[in-house]
Asker: 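Take a look at the following structure, please.
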Amino acid sequence: MLEHETADGLVAVEISEVESYAGEIDPASHAYRGRTQRNAVMFGPPGHAYVYFTYGMHFCVNLVCQPEGTPEAVLLRAGRIVAGEEAARARRTRHGRPVTARELARGPARLCQALDIDRDLDGADVCDPASPLRIRPASQGSPAPVIAHGPRVGVSRAADLEWRFWRDGDPTVSPYRPHVPRRRLGPTGT
DNA sequence: CGTCGGATAATCT
DNA sequence: GATTATCCGACGA
């Protein structure tokens, strides 16, 4: 479970879907070609959030999983809102269109929107209970979920690796979409 | 339910 | 200059 405490209140999410990115051997990882300003957190100690901006408008959050120097992380792709649904809904500025609870954190960018995560939280220590962004263990006695796996969503390279994992049957898991290369047409494009 | 194209800018080569 | 770990609205069935 991941929660973020802000002035708006507390929003908590039970993660239903993740993807793994292994920097040194994975061509799809942001860390594959070495350290840059953007991915520096991936090379740091585990338990910290790596937040990046993409497609000109979206944020996505990862959790670093390996010791310092080994840039591996999991992308948090989707979750179920377990607290603060009203605050999460208020962060959505879609033109008056109603949003179901299921959709609020379905997809990596929506999850960040529901939790109000942006680059200010890049590097946050999610294992520190004093951090505004932190993880909490699953409640005692909750049954272990059945985990399914398959290819990652939207990646153009290493598309054969089945490094996406999700809670089998969970309705908040995002739909699969293969990568579609698309070129932006320039003024001279035909 | 499905496919399709547009939006939009940081980041990297 | 090209690419992108995405989402949304429009449209068809």
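Note that the coordinates shown come from a computational prediction; the quantities given were computed from them, not determined experimentally. Note on naming: letters A, B, ... go to the chains in the order of the sequence lines (proteins, then strands), and numbering restarts at 1 for each one.
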Asker: From CH2 of A:Trp166 over to P of C:dA5, roughly how many Å is that when rounded to an integer?
Answerer: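 So the two atoms are 19 Å apart, to the nearest Å.
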Asker: Reckon A:Arg33 has a side-chain N or O less than 4.0 Å from the OP1 or OP2 of B:dT11?
Answerer: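 No, outside the criterion.
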Asker: Test your reading of the model: is there a side-chain donor-acceptor pair from A:Arg106 to the backbone of A:Ala78, 3.5 Å cut-off?
Answerer: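 Here the side-chain-to-backbone pair does not exist.
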Asker: Would the base of C:dA5 count as contacting A:His30 through its side chain, where contact means a donor and an acceptor less than 3.5 Å apart?
Answerer: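 Flag set: donor-acceptor pair detected.
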Asker: Would you say A:Arg177 places a side-chain N or O within less than 4.0 Å of OP1 or OP2 belonging to B:dC4?
Answerer: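 No, because none of the side-chain N or O atoms of A:Arg177 sits under 4.0 Å from OP1 or OP2 of B:dC4.
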Asker: Examine C:dC8: is either OP1 or OP2 under 4.0 Å from a nitrogen or oxygen in the side chain of A:Arg92? Give yes or no.
Answerer: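 Answer yes for this pair, as a side-chain N or O of A:Arg92 is under 4.0 Å from OP1 or OP2.
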Asker: Consider the side chain of A:Thr36, meaning its heavy atoms from C-beta on, and name the nucleotide among B:dC12, C:dA5, B:dA10 that approaches it most closely.
Answerer: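 Taking heavy atoms from C-beta onward, the closest nucleotide is B:dC12.
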Asker: Keeping A:Arg152 on the side-chain end and A:Ala159 on the backbone end, is there a donor-acceptor pair under 3.5 Å?
Answerer: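 No, because the side chain of A:Arg152 does not come within donor-acceptor range (under 3.5 Å) of the backbone of A:Ala159.
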Asker: So does A:Tyr52 reach the base of C:dA5 with its side chain, donor to acceptor, closer than 3.5 Å?
Answerer: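 It does, because a donor-acceptor pair links the side chain of A:Tyr52 to the base of C:dA5 below 3.5 Å.
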Asker: Between A:Arg38 (CZ) and B:dT13 (C1'), how many Å, whole number?
Answerer: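 So the CZ-C1' distance, A:Arg38 to B:dT13, works out to 13 Å.
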Asker: Rounded to whole angstroms, how far apart are CG on A:Asp118 and P on B:dA9?
Answerer: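 Value for this atom pair: 16 Å.
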Asker: In this structure, how many angstroms lie between the C1' atom of B:dT11 and the CE atom of A:Met42, rounded?
Answerer: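 Result: 15 Å.
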Asker: When the distance from CG of A:Leu104 to P of C:dC8 is rounded to whole Å, what number comes out?
Answerer: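 So the CG-P distance, A:Leu104 to C:dC8, works out to 11 Å.
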Asker: Measure CD/A:Glu17 against C1'/C:dA5 and give the value in whole Å, please.
Answerer: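 About 11 Å, once rounded to whole Å.
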Asker: Send over the distance from A:Tyr176 OH to C:dA5 C1', rounded to a whole Å.
Answerer: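 It is 12 Å, rounded to the nearest whole Å.
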Asker: Is there a donor-acceptor contact under 3.5 Å from the side chain of A:His179 to the main chain of A:Gly154?
Answerer: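 Yes; at least one donor-acceptor contact below 3.5 Å.
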Asker: What's the CG-P distance between A:Asn39 and B:dT11, to the nearest Å?
Answerer: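 The answer, rounded to whole Å, is 11 Å.
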Asker: Report yes if at least one side-chain N or O of A:Arg110 is closer than 4.0 Å to OP1 or OP2 of C:dC8; otherwise report no.
Answerer: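 So the side chain of A:Arg110 is within the cut-off, an N or O lying under 4.0 Å from OP1 or OP2 of C:dC8.
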Asker: Taking A:Arg92 first and then A:Glu103, would you say they form a salt bridge - that is, a charged N and a carboxylate O separated by under 4.0 Å?
Answerer: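 A salt bridge is absent here (no side-chain N lies under 4.0 Å from a carboxylate O).
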Asker: Does A:Val180 reach a base, just sugar-phosphate, or nothing at all? Heavy atoms under 4.0 Å.
Answerer: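 Answer is nothing: A:Val180 stays at 4.0 Å or more from every strand.
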Asker: Compare side-chain N and O positions of A:Thr54 against OP1 and OP2 of B:dT11 and report whether any pair is under 4.0 Å apart.
Answerer: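 So the side-chain polar atoms of A:Thr54 never come under 4.0 Å of the phosphate oxygens OP1 or OP2 of B:dT11.
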Asker: Would you say A:Tyr55 stacks on C:dC7, if stacking means ring centres under 5.5 Å apart and planes within less than 30 degrees?
Answerer: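 It does not: the two rings, one from A:Tyr55 and one from C:dC7, miss the stacking criterion.
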Asker: Give the intermediate values and the outcome of side chain to side chain donor-acceptor pair (under 3.5 Å) for residues A:Arg77 and A:Ser174.
Answerer: CA-CA 7 Å; A:Arg77 283 200 56 86; A:Ser174 69; 3.3 Å; yes
Asker: Using Watson-Crick or G-U wobble geometry with both distances below 3.5 Å, tell me the partner of B:dT8, or none.
Answerer: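 Its partner: none found.
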Asker: Donor-acceptor check, side chain of A:Glu24 to backbone of A:Pro71, threshold 3.5 angstrom: yes or no?
Answerer: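 Checking the backbone N and O of A:Pro71 against the side chain of A:Glu24, no donor-acceptor pair under 3.5 Å is found.
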Asker: When we call it a touch if two heavy atoms are under 4.0 Å apart, what does A:Arg157 touch: a base, just sugar-phosphate, or nothing?
Answerer: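 If one applies the 4.0 Å heavy-atom cut-off, A:Arg157 turns out to touch nothing in the nucleic acid.
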Asker: Report which part of the nucleic acid A:Ala28 touches: base, sugar-phosphate, or nothing (heavy-atom distance under 4.0 Å, all strands).
Answerer: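 Result for A:Ala28 = base.
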Asker: Where the side chain of A:Asn62 is defined as all heavy atoms beyond and including C-beta, which of C:dA5, B:dT8, C:dC7 is the nearest nucleotide?
Answerer: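 When the side chain of A:Asn62 is considered, C:dA5 is the closest of C:dA5, B:dT8, C:dC7.
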Asker: Just compare C:dC7, C:dA5, C:dT4 and give me whichever is closest to any side-chain atom of A:His179.
Answerer: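 The answer is C:dT4, which lies nearest to the side chain.
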